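Please read the structure below before turning to the comments.
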4 protein chains.
Amino acid sequence: MPTKKKPQSTTAAPPERRGELLHTAAEVFAEQGYNATTVRKIADQAGMLAGSLYYHFDSKESMLEEILRTFLDELWTGYDTVLDAGLGPRQTLEALVTESFREIDRHRPAVAIYQREAKALVAQERFGFLAASQRRFEKAWLTTLEQGVADGVFRADLDIRLTYRFVRDTVWVAASWYRPGGQHSPEEIARQYLSMVLDGIARRDT
Amino acid sequence: MPTKKKPQSTTAAPPERRGELLHTAAEVFAEQGYNATTVRKIADQAGMLAGSLYYHFDSKESMLEEILRTFLDELWTGYDTVLDAGLGPRQTLEALVTESFREIDRHRPAVAIYQREAKALVAQERFGFLAASQRRFEKAWLTTLEQGVADGVFRADLDIRLTYRFVRDTVWVAASWYRPGGQHSPEEIARQYLSMVLDGIARRDT
Amino acid sequence: MPTKKKPQSTTAAPPERRGELLHTAAEVFAEQGYNATTVRKIADQAGMLAGSLYYHFDSKESMLEEILRTFLDELWTGYDTVLDAGLGPRQTLEALVTESFREIDRHRPAVAIYQREAKALVAQERFGFLAASQRRFEKAWLTTLEQGVADGVFRADLDIRLTYRFVRDTVWVAASWYRPGGQHSPEEIARQYLSMVLDGIARRDT
Amino acid sequence: MPTKKKPQSTTAAPPERRGELLHTAAEVFAEQGYNATTVRKIADQAGMLAGSLYYHFDSKESMLEEILRTFLDELWTGYDTVLDAGLGPRQTLEALVTESFREIDRHRPAVAIYQREAKALVAQERFGFLAASQRRFEKAWLTTLEQGVADGVFRADLDIRLTYRFVRDTVWVAASWYRPGGQHSPEEIARQYLSMVLDGIARRDT
DNA sequence: TATGAATGAGATTTCATTCAT
DNA sequence: AATGAATGAAATCTCATTCAT
């Protein structure tokens, strides 16, 4: 039987229902995986019947699409601000990592969904925007790393693509264990991650 | 004269078929996700009909179980050898990371499946062995890191659980892009990853 | 001074809305078929939401009923005038055919709906009036044809039921291609059809 | 509960199951209309469960497509034989009409489905072959009629397109009442129809 | 060992209809 | 009169699994 979330205070702005439902769907997708999530589970969580979701959305897949699109749109707003700021490579890297943790904080379910599903989705025409985003992403990071090597702020003895994957994945998988509102703020986690990524975990003999 | 064992039926070695099919299944599971993989897809890939798989296996789930069990058994054989060798924390960490990349090389599909599905599976009784493995895994790594901090070979200013997750994720997500037989051997990748994890990607001012 | 009946609410004549909506519904039913027509499609066409139709009508089926009833009422008004006029069989046939084309001209959507749906509807109690109409129809035509054969104005060498179906189908299927306001008036089409039905399309050797 | 048709003699050629099912589906489609026919009704009639149909067919729509394609393929085999025979216009017309009644006799359900559904289906890309067939059909008939007028065997005072529609529809709607195995053979019905179409139903004063 | 055909449970989706505002 | 949101029943479709051959 449906689990009502809340009877809602009195009156909320009307066009938010969609957003609420997407939020609910994203949480269930993130928790159980897209394929294992039935529309009935989403509807239960939202306190309605499965069929009622189709008043708001065309299909289960269109919910997934909208969740991922919304997330990527906001992610790129943040990234573009960083990339357009004209910082040096090290500051750019720090800002990108920090921004990433902020996005994980704001869109944890969407990030988790992205991690788990993106690989299988890119093949579909409908999710072509994922591939486009991945290309921009790769370009932004590779450029930053290459510039850093050229400027002498990053090590020159590492395979640059390997480094790219290392930094990229290391940051984003954090979404699988990160819980918003936990001990550390996203900025604090970013700080520690950056410290590990930049300086390593081995103790320096100074 | 040639050494014939038995006048075998008609076709090739029968008991290997199981292994081949598990291999095929693992690849499809890794490619598309367990839930999105239909037994028909596996059968197609193996050149048979869906129903025929049930001569070899009890169920789709039992294929998954066998794939993961086989992988974890081999992983722990390797890990136990390292952990029982009485090395210092830094050498232990290096050996575990190297061993992990070797396992990715040998069992890439299984590793990818594990990454994607483990979280949802541990709740099931049948997959209790996953939880047991995770606990041993966490213990082995945390002990090594703590010993390293105590011995002064790892930095003491980092949150130890954050460090654990950092190292753990860093290694295993490589399965998502690693392709056996590529440019770098697993040992070479391990070397570079260890270099980044231990010393960081920033250039040192000597 | 202008003759105002009542200080009407705000918008135009309310009781006409029903008729407009029935007109719209009939067109969509005729275009796509009753079953394939969703109330949403009708509402879209009418510039309102699906639920709003239920202010005007009890159900989708009641719209269909009203459309068909209105059409058959008018049809029989015309037919009865002809049948009660005491004409000879040939003039009766000509008048009935002409009247039929006039009805197609006025109620084309309803005729198309009737053609397509009547067979499945007659079984329902609610649409019993269709069966009644069909019986009267058959009787009127058969009587006319039989009288014509008896009078020697129609050929005696043809199966009378086959002839009946021939004339009936010949006339009504025209609704499937007829477009009001096209090249030919209904009377002109009737004239040509009557010429073919009565005298055939082969050239006579005079 | 499912209505088993027959336990079938002993062994029928295996690849006929598809054909049997299409036959069953065609009968139900013709009887109730495509949209009003549920896959469950077809399955009931075939003595199986609804889901089992999907072992043989991709979708309900693909059954419809195959039924119509098969019918049109056979229809055109027959028509082409007539059209390639080099007959005069009157013999061609007679042969086409006779062939049409034979097709109605062989494929009554498919013809009935075609009549009822074609108009709405042609809009769909998937059913583009219907439009193609219609164009060939129109061309064949118009050419024959025009040639007949030119040769002086058909009346010159009639609108040729009107005549085309008259003959075309008159013949094909017969599928709505024709029952194979009834009183008259298709050839006998064709003969009477041709007599009416060519010479009319009015008695000639010779 | 494998096929061909089916089952049966459950998933997604559709849609006429209702109802508070 | 009309909207926005929902219900609930039923439809289409999916798929792991079974089983006779």
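Letters A, B, ... mirror the listed sequences (proteins, then strands); counts begin at 1. Values in this document were obtained by computation on a predicted structure and should not be read as measured data.
Taking 4.0 angstrom as the limit, Ser52(B) places none of its side-chain polar atoms (N or O) nearer than this to OP1 or OP2 of dT1(E). For the OP1/OP2 pair of dT14(F) and a distance below 4.0 Å, the side-chain nitrogens and oxygens of Tyr54(D) include no atom meeting the criterion. Taking 4.0 angstrom as the limit, Arg17(C) places a side-chain polar atom (N or O) nearer than this to OP1 or OP2 of dA2(F). At dA6(E), one or more side-chain N or O atoms of His56(D) fall inside 4.0 Å of OP1 or OP2 (strictly under the cut-off).
Protein atom NZ of Lys41(B) is 7 Å distant from nucleotide atom P of dC15(F), rounded to whole Å. The interatomic distance linking Asp58(B) (CG) with dC19(F) (P) rounds to 13 Å, in whole Å. What separates CG of Asp44(B) from P of dG4(E) is a distance of 13 Å, to the nearest Å. Following rounding to the nearest Å, Asn35(B) (CG) and dG10(E) (P) show an atom-to-atom distance of 16 Å. Between Leu49(A) atom CG and dA11(E) atom P there is a gap of 15 Å when expressed in whole angstrom units. Summarising the geometry, the separation between CD on Gln32(A) and C1' on dA11(E) is reported as 14 Å, rounded to the nearest angstrom. Atom pair Phe57(B):CZ and dA2(E):C1' shows a separation of 14 Å (rounding to whole Å applied). In this structure, Met63(C) atom CE and dT17(E) atom P are separated by 8 Å, rounded to whole Å.
Salt-bridge annotation for Arg69(B) and Glu66(B): absent, with no side-chain N of the basic residue lying under 4.0 Å from a carboxylate O of the acidic one. Between Lys41(A) and Glu31(A), no side-chain nitrogen of the basic residue sits less than 4.0 Å from a carboxylate oxygen of the acidic one, so the salt-bridge criterion is not met.
Of the candidates dT12(F), dT12(E), dT17(F), dT17(F) carries the atom nearest the Val39(B) side chain, counting heavy atoms from C-beta on. Nearest nucleotide to the Met48(D) side chain, out of dT12(F), dA6(E), dT13(E): dA6(E). Considering only side-chain atoms of Ser59(D), the nucleotide from dC13(F), dA1(F), dT12(E) that sits closest is dC13(F).
Pairing of dT21(F), defined by two Watson-Crick or G-U wobble distances under 3.5 Å, is identified with dA2(E). Under the Watson-Crick or G-U wobble criterion, with both distances below 3.5 Å, dA16(E) is paired with dT7(F).
Across all strands, Thr37(B) comes closer than 4.0 Å only to sugar-phosphate atoms, never to a base (heavy-atom distances).
Listed for the Lys119(C) side chain is no donor-acceptor partner under 3.5 Å among the backbone atoms of Gln32(D).
For the pairing with Phe129(D), the side chain to side chain contact (heavy atoms under 4.5 Å, CB included) check across Leu68(D), Leu121(D), Val122(D) returns one residue only, Leu68(D).
Position along DNA chain F of the nearest nucleotide to Tyr34(B) versus Ala50(C) favours Ala50(C) as the more 5'-ward residue. When each of Gly51(D) and Tyr55(C) is assigned the nucleotide of DNA chain F with its nearest heavy atom, Tyr55(C) is the one assigned upstream, toward the 5' end. Comparing Thr38(A) and Leu53(D) along DNA chain E, the residue whose closest nucleotide (by nearest heavy atom) sits nearer the 5' end is Leu53(D).
One distance of note links CD of Glu27(A) with CZ of Arg108(A); it measures 7.0 Å at 0.5 Å rounding.
A cation-pi contact, defined as under 6.0 Å to the ring centre and within 45° of the axis, is absent between Lys60(A) and Tyr54(A).
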